[in-house]
Amino acid sequence: MEEVNKIFETVLEQDEQILMSFKPNKKRMLLFTFLISKIFLFLLSIFLIVFGVVYYFNGSGSTYEDWVSGVGVSIGFGLLLLLVSVLYTLVPILMYKKTYYIVTNKKIVIRTGIIGIDYKTLDIDFIGSVNVNVSLYDKMMGKNVTGTISFASSSAPIVNNQYGIGGFNFAYIENPYESYKKIKEIIKEIKENN
């Protein structure tokens with residue numbers, strides 16, 4: 001807990017205490033984040049590169065015009081997609097190292113980032129609802145089932161979009177249902193005492 005206190009000391013108030021802390025499940029975050037996109041982009045990039053090379057060596061792309069119009073574009077676009085699929089793999093690795101979640105006696109805090117470090121906070125007094133979501137990928141973790149706990153307020157509602165659930169999320173945490181119950185109890189207790 002001392003390590004977590006050090007990490008969050010810049011955003012905690014003087015009388016604030018960390019009650020719970022979470023780190024995302026490494027395997028879930030690194031392997032399954034953007035999984036379908038990674039596979040699709042990787043396969044498409046390989047197909048375009050192989051198509052361009054085969055087209056060139058068949059003699060169909062032997063002239064300069066053929067190269068520019070077909071082979072070069074196919075290989076170039078394939079290499080670009082390959083780069084994007086590699087970046088899709090690197091982003092979760094960079095994010096994992098910086099991602100932590102805490103519940104304090106005053107707020108919830110999400111720490112994350114790719115290059116820098118970003119903090120998102122939501123005062124416990126403003127939390128209107130807490131939800132838990134366990135996806136297919138979370139269930140694929142076997143005995144270490146993971147999930148996402150989402151927090152909503154009137155100014156920061158939970159939004160379901162094409163990328164999943166947006167808002168204040170503790171993503172890829174282990175024992176999501178147990179953690180959800182404990183967080184709900186903490187929030188209820190803090191609100192009753194205020």
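One-based numbering along the sequence shown. These numbers were taken from a predicted model, which means no experiment stands behind them.
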note = When rounded to the nearest 0.5 Å, the distance separating CD1 of Ile18 from CG of Leu12 is 5.0 Å
query = Can you pull the side chain to side chain donor-acceptor pair (under 3.5 Å) pairs that have at least one residue in residues 92-105, sequence neighbours excluded?
reply = Glu3-Tyr100, Glu16-Thr104, Thr99-Thr112
Between CZ on residue Phe126 and CD1 on residue Ile108, distance to nearest 0.5 Å = 13.0 Å
note = Contacts of Lys106 meeting salt bridge (charged side-chain N to carboxylate O under 4.0 Å, His left out) (sequence neighbours excluded), chain-then-number -> Glu13, Asp15
key: Point-to-point distance, once rounded to the nearest 0.5 Å, from OH of Tyr172 to CG of Leu30   = 10.0 Å
remark   = One should read off an interatomic distance between Leu44 CG and Phe51 CZ, to the nearest 0.5 angstrom, of 12.0 Å
ask   = Are any side-chain N or O atoms of Asn25 and backbone N or O atoms of Arg28, one a donor and one an acceptor, separated by less than 3.5 Å?
value = yes
request  = Please confirm whether Tyr88 and Phe42 have ring centers closer than 6.0 angstrom.
outcome  = no
inquiry  = Under a 4.0 Å threshold between the charged nitrogen and the carboxylate oxygen, would Glu178 count as salt-bridged to Lys182?
reply    = yes
request  = First locate atom CG of Leu19, then atom CD1 of Ile190, and finally report the distance between them rounded to the nearest 0.5 Å.
outcome  = 5.5 Å
request  = Decide whether Asn144 and Glu174 meet the rule of one side-chain donor and one side-chain acceptor closer than 3.5 Å.
outcome  = no
task = Before accepting this row, confirm whether a basic side-chain N of the pair Lys191/Asp125 lies closer than 4.0 Å to the acidic partner's carboxylate O.
result = no
ask   = Do Asn169 and Ser150 meet the criterion of a side-chain donor-acceptor pair at a distance under 3.5 Å?
value = yes
